[in-house]
Enquirer: 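Please find one structure pasted underneath; my questions will follow.
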Amino acid sequence: MKFLEELNEAQKKAATHIDGALLILAGAGSGKTKTITTRLAYLLSLGIDPASTLTLTFTNKAASEMKQRALNLIGDNISHPPLLLTFHKFGLIFLKLYIHLLNRNNNFVIIDSDDQKKILKSISSDLPPNFMSKEISKYKNSFLSPDEVYNLANEKVYKQMALIYDKYQKYLLENNLVDFDDLLLLTYQILNENKDLAKEISNKYQYIMVDEYQDTNEIQLLLLKKLCLTHSNICVVGDDDQSIYGFRGANHKNILEFEKDFNAKVIKLELNYRSTNQILKAANSLISFNKNRYDKKLISALGDGKEVEVIENFNEVAEAETIAKRIKELIQNGVSPNEIAVLYRINALSRSIEDGLRSYGINYKLVGGMKFYEREEIKDLISYLRLIVNPNDDYSFKRVVNKPRRGIGKTTLIKLEEAKKDKSFIEFIKEDDLNFISKKAAKTLKDFVQFINFLSKLPIEEIPEILEENINLSTSYKDEDKKRNVEEFYGMIREKKDLTLREFLNELSLESDQDKLSDALINVMTIHASKGLEFEHLFVIGLEEGFFPLNDADIEEERRLAYVAITRAKKELVLSYTKSRYLRGQRTHVNKSRFLTEAGLIKGKVALKESNSLKVGSLVKHKVFGTGRVIGINKAGNKKKLKIDFGGSVREILSDFVEKI
DNA sequence: TAGAAGCAGATTTTT
DNA sequence: TCTGCTTCTA
């Protein structure tokens, strides 16, 4: 087991821990992936059956990377590879096998958040789709049924939301659709309702590992508890200080309470192999202002290094120019552009820096941005494929029936919608003589349905050619990029000839974009997108109150975000702020961020104005009273007393005793 | 039906 | 300022 020798003492301790729960608190740059892949290799080298291990990640990229690294360590002397996949894919595989226990068919289709919003929009046009989608996700993640939401609602909007939620759920059931939350939720539900199955599954996966544990949500925690029903061999890795997905439902508390929840041993990895000590000093100082955290301190294995720089500029144009100049110099001095990055808190700040980079002739790539399969043209094609798989998918029908233009506009669709009643569009068009619309439109629709029907009989690899011949989608777009994307997608389909179309579609909706990394470009992205990455030379812009921190709602998460940003830097870190910034057609004067002071980079008084994000209208959970909604907030000394409506009974409770959901 | 013009709204987003 | 949606007009 040579590979153990590559680890430091703490890492080795973590990697060789076998039985019982373990929390590996892996600080930024402390060799987290190395440690857990080594642990996996170690388990396998002890003769543990790969099939009895289960490693869960959040991204496909992380899963495949870890798998590769573990296999490299162990070599090819194992019968089959260990199971490494995302939480969602695990849910998918599980539901394929067991969704019948909920009386549902396993030919369900996964919808992404975009589809979800469109469905919600069609249910209600007077609430913002983002709001609806967030609310519903909250309900699902706290196991609230539409009825329960209705009973908890104390305001009109929430009553309305309950009805929308109800309609949405019915729509999903009718069309046999599953959203991202469902993949986890239904899996949990099945395990919860079938005790024997839960035991069987738990027995099957004797060694569970979870990556990025700080990003898990409530359901994921419950799911893990089910998986650990018959044993306690769960090893989770994460860093509470890098929990930055709270707004998406991640519960920072999970990692803080793992020790208690699973009676776990804790091992801290604090030796950092990424950044110099100057950089870590700033990071440590900043994060120490957070109260809810494990105490730890990163120590550099690399020496002191260059001082962290703070630069002030008059405005965003000057800022961009200063930074572009610096980057140009770096590149001229032989630094590889892919070792340089510019980070910001919100996408809106990318514009000024892009302008600056362009005017200095620096090539950059915007990381994050629009994902390949989220693009209009790809979604169009996906809708065609979905319609082929499931002709009753009205959502997809509406999307593509007039793409390319066939002369089927809004009016025709409205007429059809009224006439078809409970039937799906395709069903109806097949059976009806359509004499209430023009002859031409009727023929077009009949032809369209026939075409879809024809496609459904083809093997997957023949679909691209026939599709392209008949609909010419790639030529109907003016944009060259779109044409290229269409071609690329056709290529992807052709490669999948050993899958059914349905399998292909489900895989696709769980796939995220693999960035084509190019060495010739510098990186420009949000801090969120930078998580897990590292750069020798790092510029973080917009360190101004109101931009970063963006607001006071969850200042600890903002601070963790700043911590993530700082710890991306290997050798050189430059933090930049301006005196005024132009945004949305308005110029505002801004003050430098408190984070600069907290990081010990500039002198100044550290303001202590903390507030938590509980507002009137927030959903909260109480250990005894369950879920309720805040209807009032009062001060009680230096604490907050909340008036909470628990589905009819109103109670006053100190904010310490409830948890926001 | 399809493009043009007018208007509100605008964090972060692993699946 | 820019985007995405609704309303207007040929």
Side-chain angles (χ1 to χ4, degrees), chain A residues 56-63 85-92 110-118 121 125 128-131 133-134 137 178-185 211-217 219-220 238 242-250 316 343-352 355 367-371 373-374 376 402 404-414 437-438 440-441 444 506-515 525-533 542 546-551 553-554 557-558 560-562 564-565 581-587:
Chain A
L56 295 168
T57 65
F58 280 86
T59 64
N60 292 305
K61 196 174 149 215
L85 29 65
T86 64
F87 273 99
H88 293 263
K89 201 167 248 165
F90 177 76
L92 169 64
I110 302 169
I111 55 165
D112 66 18
S113 28
D114 206 54
D115 303 327
Q116 185 190 42
K117 277 173 205 154
K118 289 223 165 91
K121 228 190 299 183
S125 52
N130 274 329
F131 170 77
S133 140
K134 254 192 193 160
S137 185
V178 161
D179 66 23
F180 285 148
D181 288 327
D182 286 341
L183 286 173
L184 306 175
L185 189 66
D211 188 27
E212 305 280 16
Y213 190 72
Q214 76 282 354
D215 294 335
T216 52
N217 64 20
I219 303 266
Q220 283 155 342
Q242 292 185 69
S243 166
I244 56 173
Y245 283 102
F247 70 94
R248 259 180 114 266
E316 75 287 344
L343 306 184
Y344 38 77
R345 170 70 239 262
I346 52 172
N347 279 315
L349 294 202
S350 78
R351 173 158 219 98
S352 59
D355 289 345
V367 182
M370 181 80 85
K371 306 269 191 301
Y373 70 93
E374 283 170 2
E376 184 199 358
N402 203 30
R405 302 246 139 81
R406 295 186 177 90
I408 307 294
K410 228 188 296 172
T411 335
T412 314
L413 274 180
I414 290 172
I437 50 174
S438 74
K440 197 173 145 239
T444 311
N506 275 340
E507 289 226 329
L508 203 68
S509 47
L510 294 179
E511 202 107 350
S512 69
D513 216 19
Q514 313 103 318
D515 276 323
M525 69 190 99
T526 64
I527 297 166
H528 281 94
S530 77
K531 200 173 140 207
L533 305 176
F547 283 99
F548 196 16
L550 195 64
N551 55 39
D554 191 348
E557 181 145 323
E558 291 289 315
R560 290 193 290 271
L561 216 31
V564 168
R581 200 171 279 281
Y582 192 65
L583 188 72
R584 290 187 206 140
Q586 276 207 315
R587 181 158 291 288

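The sequence lines fix the lettering, A, B, ..., with proteins before strands; numbering per chain opens at 1.
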Enquirer: If you take atom types as modelled and just measure distance, does the side chain of A:Arg248 reach the base of B:dT15 with a donor-acceptor pair under 3.5 Å?
Expert: yes
Enquirer: At 4.0 Å (heavy atoms only), tell me whether A:Phe87 reaches a base, stays on the sugar-phosphate, or touches nothing.
Expert: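 The residue A:Phe87 makes no contact with any strand.
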Enquirer: A side-chain contact here means heavy atoms from C-beta on lying under 4.5 Å apart; do A:Asp554 and A:Phe247 qualify?
Expert: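 Of all side-chain heavy-atom pairs linking A:Phe247 with A:Asp554, none is under 4.5 Å.
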Enquirer: Rounded to whole angstrom, note down the C1' distance from C:dT3 over to B:dT14.
Expert: 25 Å
Enquirer: Side-chain N or O of A:Lys134 less than 4.0 angstrom from OP1 or OP2 on B:dT13?
Expert: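 No, A:Lys134 has no side-chain N/O under 4.0 Å of OP1/OP2 on B:dT13.
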Enquirer: Grab the two heavy atoms, one from A:Gly542 and one from A:Phe547, that are nearest each other, plus how far apart they are.
Expert: O-CB, 3.7 Å
Enquirer: To the nearest Å, give me how far apart NE2 (A:His528) and P (B:dT15) are.
Expert: 14 Å
Enquirer: Please give, in whole Å, the distance from B:dT11 C1' to A:Phe547 CZ?
Expert: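 So the CZ-C1' distance, A:Phe547 to B:dT11, works out to 11 Å.
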Enquirer: Considering just the side-chain nitrogens and oxygens of A:Thr526, establish if one lies under 4.0 Å of OP1 or OP2 belonging to B:dT13.
Expert: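 Checking A:Thr526 against B:dT13: at least one side-chain N or O falls below 4.0 Å of OP1 or OP2.
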Enquirer: Taking the C1' atom of each, how far is B:dT11 from C:dT6, in whole Å?
Expert: 26 Å
Enquirer: Within this structure, what is the CZ-to-P distance between A:Arg560 and B:dT11, rounded to whole angstrom?
Expert: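 Those two atoms, CZ and P, are 21 Å apart.
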Enquirer: Does A:Gln116 reach a base, just sugar-phosphate, or nothing at all? Heavy atoms under 4.0 Å.
Expert: nothing
Enquirer: Which heavy atom of A:Ile527 sits nearest a heavy atom of A:Leu343, and at what distance?
Expert: CG1-CB, 4.1 Å
Enquirer: Take atom CZ of A:Phe247 and atom C1' of B:dT14, then tell me their distance rounded to the nearest Å.
Expert: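 After rounding, the reported distance stands at 10 Å.
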Enquirer: With a cut-off of less than 4.0 Å, is there a side-chain N or O of A:Asn130 near OP1 or OP2 of B:dA10?
Expert: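 Looking at the OP1 and OP2 atoms of B:dA10, neither is under 4.0 Å from any side-chain N or O of A:Asn130.
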Enquirer: With a non-hydrogen cut-off below 4.0 angstrom, is A:Asn551 in contact with a base, only sugar-phosphate, or nothing?
Expert: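 Counting heavy atoms under 4.0 Å across all strands, the contact made by A:Asn551 includes a base.
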Enquirer: From A:Gln116 CD over to A:Lys121 NZ, what is the distance, rounded to the nearest 0.5 angstrom?
Expert: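 A:Gln116 CD to A:Lys121 NZ: 12.5 Å, rounded to 0.5 Å.
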Enquirer: Rounded to the Å, how far apart are A:Tyr245 OH and B:dT11 P?
Expert: 17 Å
